[in-house]
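First listed ligand is number 1; within each ligand, the first listed atom is number 1. On a predicted model such as this, the values are computed, not experimentally measured, just so you know.
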Amino acid sequence: MQVPFLDLKVQYQSIKDEINSAIQNILDNTSFILGKAVANFESDFAKAHNVKHCFGVSSGTDGNHLASWSLGISYGDEVIIPANTFIATAWGATLCGAKPVFVDCESDSYNIDPQKIEIAITGKTKAIVAVHLYGQSADLDPILQIAKQNNLFLIEDCAQAHLSEYKNKKVGGFGNTACFSFYPGKNLGAYGEAGAVTTNDDTIAYKLRGLRDHGALKKYHHDSLGHNYRMEGIQGAVLGVKLKHLTKWTEARRRVASKYREFLNNLEEIILPAELPYAKHVYHLFVIQIAEGGSQKRDKLVAFLNENGISTGLHYPIPLHLQKCFSELGYKKGNLPVSEKLAENGLSLPMYPELSEVQIEYISDKIKRFFGK
Ligand SMILES: Cc1ncc(COP(=O)(O)O)c(C=O)c1O
């Protein structure tokens, strides 16, 4: 049996007519950049996350930049960022000229450890970035409290966490700004590059509107600096169609996760991802850990699954503090041990809404076989 890590074709087939007609509509109207489809999507997406403003942008990475830029983060500032995340989380602050300060993750949620934030705060710290990694929200209450006590901004990176919840409230409205990715493989994926920035703050919203579009609220009147970070019309149209299916797809992902739990229960050689009581996990990724044997054993398991037609992923093999691009910051191996251990032992299993029970059982059986069970 062949099990891809992700299958975008099967999802497209299930909504082909709706998607094709939405794209045709953009072609007929030639509304290729922003326009009605994007505006409708922005409003629907804001509603879905209970947040006041949403701006469709050109990618999640650009959304990260805007989320920092709109808060005035700049040269000489420091921004606290989890070490266990995708590199784009760090570009936001870095592109604004600020220094990223990396903090370790919790061993159960794999999200930024609130207890390790305070020690990283200096007189230069301006913001904390909380990433809701793999689809599970970071523990926001203690983070918000630290932000308040120290007069810091909170930025949420929700790239992997569409419709994810913290204490029964959707993510994306807890921070001063939040950014989302609609990279095709995300829980809500465009058919190209796309992202969004959300905020509940009217002043920040005003800035975001300009920053996304050359600093101009009126064509050729550039009141502030800006850039071309606009969402394309076709992406807005595709996302508008797909958003209507997202709740159903999210529940399907949660069912896939519970099937994995059922089949892999009691297998001591692996650690299953924890679902924290405050979170509604949306399972962008299902990341297990090898209990013993480190990266060598993990890599053997990857090869064994591959031989059996199963594709897997590593999220992420090198934590940000050990990436070459940040070598000047002087971090060393051993500085952030929880993130480093996860990088060595972690393995992402296939995860998408259409994954069948037969496929999940097949994957689980092969994992058990690898461990001689
Ligand atoms: C946590 C995180 N932040 C930011 C991004 C950047 O999003 P994009 O790929 O849309 O630029 C991603 C995408 O992989 C991500 O996973």
| Do Tyr220 and His214 have their ring centres less than 6.0 Å from each other? | no

Validation: residues 288-295 side-chain donor-acceptor distances under 3.5 Å, sequence neighbours left out:
from: Gln289; atom 1: NE2; to: Tyr110; atom 2: OH; distance (Å): 3.0

| said: Is it the case that the ring center of Phe182 lies less than 6.0 angstrom away from the ring center of Phe45? | reply: yes

Could you list the donor-acceptor pairs under 3.5 angstrom formed by side chains in residues 365-373, with sequence neighbours left out?
from: Lys368; atom 1: NZ; to: Phe263; atom 2: O; distance (Å): 2.9
from: Lys373; atom 1: NZ; to: Glu269; atom 2: OE1; distance (Å): 3.3
from: Lys373; atom 1: NZ; to: Glu269; atom 2: OE2; distance (Å): 3.0

Atom pairs and distances, side-chain donor-acceptor, residues 304-313, under 3.5 Å, sequence neighbours left out:
from: Asn308; atom 1: ND2; to: Phe304; atom 2: O; distance (Å): 2.8

| request: Run the salt-bridge test on Arg230 and Asp213 with the 4.0 Å N-O cut-off and return the result as yes or no. | output: yes

| note | Heavy-atom contacts under 4.0 Å to ligand 1, chain-then-number order, include exactly Ser59, Gly60, Thr61, Asn64, Thr85, Phe86, Ala88, Thr89, Val131, Asp157, Ala159, Gln160, Ser181, Tyr183, Lys186, Ala194, Tyr316

